[in-house]
Amino acid sequence: MKRTKKHSCVFALLGLLAVLLALLPVQTAQADGWYWISSNDKYSKFFDPVSVVTQSSVKTHHGEVPTRIDAVTKTTFSYGGAKETIANYRLGHRISNPANLGYSIATVSINPQNRTIQYLNETFFTPQGQPVWRSGEAGRIKEVNSQEFDEDFYTAILDQATGKDDETNRRTAKDRWLMLWEDAAADGQRTTMMADTTTMRMKDRNIVFWAWQETKNSNGQVLEIKFMKKAVNPAQGTERTINGKYWSPQTNWQALTGDMVSYRMVRATDPRYKGILHLRSYIENHRAWVNRYSLDD
């Protein structure tokens, strides 16, 4: 049969479609029940959508709110990721060669009210699928923030359970970080604080969130960083730091110390007062978001 220009166009389109279909599984890898979440040079993360189960929930005026969600996750390792994992889990006596660690499968439990994740169990396998080690007890409960390995597990599982994509969209949004305040000194030193809106949630009359405070000199060199969990009462103009960590070129990262109990009044003349005003505005304009997992009626 003679091939016309029309036929050539059709064949070209079919060829392009075949290429796109071949690439599609890379973005939505779903084989043997595993759904791809993210990848980097060390780890690839998956979860099993069928395994996502809301174990408990509470009826509120804004609907049924989950209080515990369980799911099964899978993490595959490159050589570098396996080496890092062996060191973090102190598995060197069991796995001497990182090439012998291929992936892990874990059951995790999520609490949306406190934004936490806990590994109930985790089993590590060789690349060929042979188990090499299993955790004997549930791991510590970790609060999920931008610095935690488990953040994308948390958002994907929670969105699967609620049938929405709010958590994933907020995590990847360009306006995820909200500038609260900045202060410039006479010598050119500048301090800024930004709030992570993915972590914002109302607790009684307080808004709880994680904040990134950074101080630079006049040359733009970072002098110190404070990564803090904050509780702010915008109506009263008070705030406190719940916990966090501190970095400087001299100390590297260490636990933040100081008063972690008392609420302190923020005066209108304080640069931080702008942060109070920004939080009031954010709460007013995003009430559904900051109250999304609230159990308060």
Side-chain angles (χ1 to χ4, degrees), residues 19-20 22-49 51-52 69 71-92 94-110 115-119 121-129 132-133 135 139-161 165-177 194 196-199 210 212 214 222 225 227 245 247 252-253:
V19 171
L20 292 175
L23 291 174
L24 187 59
V26 175
Q27 300 301 320
T28 59
Q30 192 171 0
D32 301 326
W34 298 115
Y35 188 91
W36 175 85
I37 304 173
S38 66
S39 297
N40 58 26
D41 60 342
K42 291 183 178 180
Y43 307 100
S44 289
K45 301 174 186 177
F46 307 81
F47 80 107
D48 180 2
S51 73
V52 178
I69 302 165
V72 178
T73 67
K74 179 179 181 180
T75 306
T76 63
F77 311 109
S78 68
Y79 185 90
K83 184 177 180 181
E84 187 173 79
T85 300
I86 291 169
N88 290 340
Y89 281 77
R90 299 178 181 177
L91 296 176
R94 294 179 177 273
I95 310 171
S96 57
N97 183 358
N100 293 330
L101 180 60
Y103 62 94
S104 72
I105 294 177
T107 301
V108 300
S109 185
I110 284 172
R115 199 176 169 82
T116 60
I117 188 170
Q118 182 182 29
Y119 284 68
N121 58 67
E122 188 168 17
T123 304
F124 293 84
F125 298 85
T126 66
Q128 294 74 35
V132 290
W133 183 75
S135 61
R140 67 181 178 90
I141 297 174
K142 297 189 290 183
E143 183 170 350
V144 176
N145 56 45
S146 62
Q147 305 302 297
E148 289 293 341
F149 173 86
D150 323 273
E151 185 185 38
D152 36 11
F153 281 141
Y154 176 90
T155 56
I157 292 168
L158 196 46
D159 280 348
Q160 176 70 24
D165 54 10
D166 294 348
E167 295 289 335
T168 302
N169 287 344
R170 182 97 303 265
R171 183 174 67 86
T172 57
K174 291 181 179 179
D175 62 347
R176 167 177 178 166
W177 292 89
M194 304 184 75
D196 185 354
T197 60
T198 68
T199 63
W210 282 83
W212 186 273
E214 192 171 84
V222 178
I225 297 170
F227 184 58
K245 55 185 180 178
W247 177 92
N252 211 330
W253 286 106

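- Side chains of V132 and N100 form no contact here, defined as non-hydrogen atoms less than 4.5 Å apart.
- Remark: D175 engages R170 in a salt bridge, criterion side-chain N to carboxylate O under 4.0 Å.
- Panel note: side chain T197, backbone R176; a donor-acceptor pair is recorded below 3.5 Å.
- The closest side-chain heavy-atom distance from W34 to V72 is below 4.5 Å.
- Between the side chain of T172 and the main chain of T168, a donor-acceptor pair closer than 3.5 Å is present.
- Aromatic ring orientation, W253 versus W247: tilted (interplanar angle from 30° to 60°).
- When only modelled atom types and interatomic distance are considered, S104 and E122 share a side-chain donor-acceptor pair under 3.5 Å.
- Under 3.5 Å, the side chains of W210 and Q147 contain no donor-acceptor pair of N or O atoms.
- Partner of F124 under the side-chain contact (heavy atoms from CB on, under 4.5 Å) criterion, chosen from L101, I86, T75: L101.
- Partners of Q118 by side-chain contact (heavy atoms from CB on, under 4.5 Å), not counting sequence neighbours, listed by chain and number: L120, A138, I141.
- The shortest side-chain heavy-atom distance between F153 and V108 does not fall under the 4.5 Å cut-off.
- E167 has a carboxylate O that lies under 4.0 Å from a charged side-chain N of R115, or vice versa, which qualifies the two as a salt bridge.
- For the pair K45 and F149, the cation-pi criterion (under 6.0 Å, within 45° of the ring axis) is fulfilled.
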